[in-house]
Amino acid sequence: MLKNIGTVLFLYISVVSVWGQTNEINRILQEIEQNNNEIKAYASWIESRKLALKTQNNLPDPQVGVYYLPWGEHQTGDYSEFQITQSFEFPTVYSVRSKLIDKQYTQLELEYAEKRKSVLLPAKQYCLQLVYLQKKKEVEEKRVQQAQQVFNHISEMYNSEEVSLLDVNKAKISWIQEQFRVTELETKMQNVLLTLQQLNGGNEIMFSPSSYETEIEIDPVDSLWVEKQNRDPELRSLNQQEEVALQNYKLSKNKGLPNLTAGYNYQGVSGSNYSGIYGGLSIPLWSNRNKVKSAASAYQYSQSLNQVVAQSHYAEFQKQYNNYQVLKSKYTEYVSTLSDLNSESMLLEAYHLGQISYLEYFMELQFYRDAMDTMLKMEMEMHVLKASLLDYQL
């Protein structure tokens, strides 16, 4: 078989680094992050929850009481009393609760990061799909040109009575089918762009896909897992939930300390008056009953759940990693194998030179095109899977 120089060049270009393309996808993701209605709405909701958390550490309102007792049988003057008091929990409670609120803030921020990732990951995958569709469209446009050349050549042969009308019709149908595939790909690209536009808050997306990012090799699974644990909002949220449960346990213990009340008291009768400091103590004998045990159980549950869920995530991560390695190996093998096949241009040249018949040309062409289409789709699936595997880097 003829050496496929054109295929080697094409496959080389498909895996060569195009940093501008990666930056282009990042630009689109940044734009979507700013304009996406779901992300903006969630950010507002998170902010409202943060403000609600702040109110949990407020002091109760001060109390003012006034007594004026003019009625009744008494020889002395009317009795009057004025009192203003401020109640508060034991001082350490506020310190512990403040730390709890800080940890809850962090948990809310991780929830926002998870929501952000749930929007940006599909957006990136749509961008990768656009790259695939554009590459496929470029291939199909070349095939349209080749099909037209074959049709023109067979038409000339028919005029010279070298082939039958059946061959002419076959060539024409092949040409029409290639034109339809280009139109179909353009429609799919437009639909993907409309989906991205919806993610972008209805704003038009300007994206000219050309190639994937270069690097298909990734770090070992254990190294990636350590990085994922440190950066992935979902996994970090598990640890944060455990920290929140621990701080809540500490708070429940501190709330077993007495509540305090301080204030000022004035009493007046018969032209005499008394005033001074008022102090009170409330011992939580019943209000905090079993709350410490409940918080301790919740903390233990959070620890156990963290371990179980983390193990489940790791198992799923390993599966994704293994799937990616298998797909990458198959793709690499396709690239190597296709470099030994006849390219479409060389097959067309051989047909024009009469080295192969139209039937041989058509059969070889279909075999080559099926292999090329499989490789292009496999390349797209590989990059989409990589994006999912490394979603914590978004």
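Just so you know, these numbers use all the heavy atoms, side chains as well, and skip hydrogens, waters and symmetry mates.
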| request: Apply side chain to side chain donor-acceptor pair (under 3.5 Å) to the pair S237 and E111, showing each step before the final yes or no. | output: CA-CA 7 Å; S237 182; E111 286 183 25; 5.9 Å; no
Is there a donor-acceptor contact under 3.5 Å from the side chain of [X] to the main chain of [Y]?
{"X": "S388", "Y": "V384", "result": "no"}
{"X": "S95", "Y": "P91", "result": "no"}
{"X": "N152", "Y": "Q148", "result": "yes"}
{"X": "T195", "Y": "N191", "result": "yes"}
{"X": "N57", "Y": "Y94", "result": "yes"}
{"X": "S336", "Y": "T332", "result": "no"}

Do the charged groups of [X] and [Y] touch, with an N to O distance under 4.0 Å?
{"X": "R143", "Y": "E140", "answer": "yes"}
{"X": "D391", "Y": "K228", "answer": "yes"}
{"X": "E178", "Y": "R369", "answer": "yes"}
{"X": "K135", "Y": "E138", "answer": "no"}
{"X": "E141", "Y": "K137", "answer": "yes"}
{"X": "R27", "Y": "E24", "answer": "yes"}

| said: Just checking I277: does its CD1 atom have more than 12 heavy atoms from other residues, nucleotides or ligands closer to it than 6.0 angstrom? | reply: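 It does not: I277 CD1 has 12 such atoms or fewer within range.
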| request: Check whether more than 12 heavy atoms from other residues, nucleotides or ligands sit under 6.0 Å from atom CD of Q198, and answer yes or no. | output: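 12 or below, so no.
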| query | Please walk me through it: do Q241 and N306 pass side chain to side chain donor-acceptor pair (under 3.5 Å)? | reply | CA-CA 8 Å; Q241 287 175 14; N306 190 357; over 6 Å; no
Single-linkage hydrophobic cluster, 4.5 Å side-chain cutoff, [X] and [Y] together:
{"X": "V66", "Y": "I84", "answer": "yes"}
{"X": "W45", "Y": "I39", "answer": "yes"}
{"X": "I46", "Y": "L110", "answer": "no"}
{"X": "V292", "Y": "V93", "answer": "no"}

| message | Determine whether E31 and N200 satisfy the following criterion, side chain to side chain donor-acceptor pair (under 3.5 Å), listing intermediate values before the conclusion. | response | CA-CA 7 Å; E31 189 176 338; N200 197 34; 3.0 Å; yes
| message | For a side chain to side chain donor-acceptor pair (under 3.5 Å) check, start with the C-alpha distance between Y331 and E379, then their side-chain angles and the critical distance, and finish with the verdict. | response | CA-CA 7 Å; Y331 170 73; E379 184 184 30; 3.2 Å; yes
Donor on one side chain, acceptor on other, [X] and [Y], under 3.5 Å:
{"X": "E227", "Y": "Y392", "value": "yes"}
{"X": "N265", "Y": "Q267", "value": "yes"}
{"X": "E81", "Y": "Y79", "value": "yes"}
{"X": "N259", "Y": "E89", "value": "no"}
{"X": "Y321", "Y": "Q325", "value": "yes"}
{"X": "Y314", "Y": "Q318", "value": "yes"}

Rounded to the nearest 0.5 Å, how far does [atom2] of [Y] lie from [atom1] of [X]?
{"X": "L69", "Y": "W71", "atom1": "CG", "atom2": "CH2", "result": "9.0 Å"}
{"X": "L120", "Y": "I25", "atom1": "CG", "atom2": "CD1", "result": "12.5 Å"}
{"X": "T374", "Y": "Y334", "atom1": "OG1", "atom2": "OH", "result": "4.5 Å"}

| request: Classify the angle between the aromatic ring planes of Y299 and Y249 as parallel (below 30°), tilted (30 to 60°) or perpendicular (above 60°). | output: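 If you compare the ring of Y299 with that of Y249, the planes turn out parallel.
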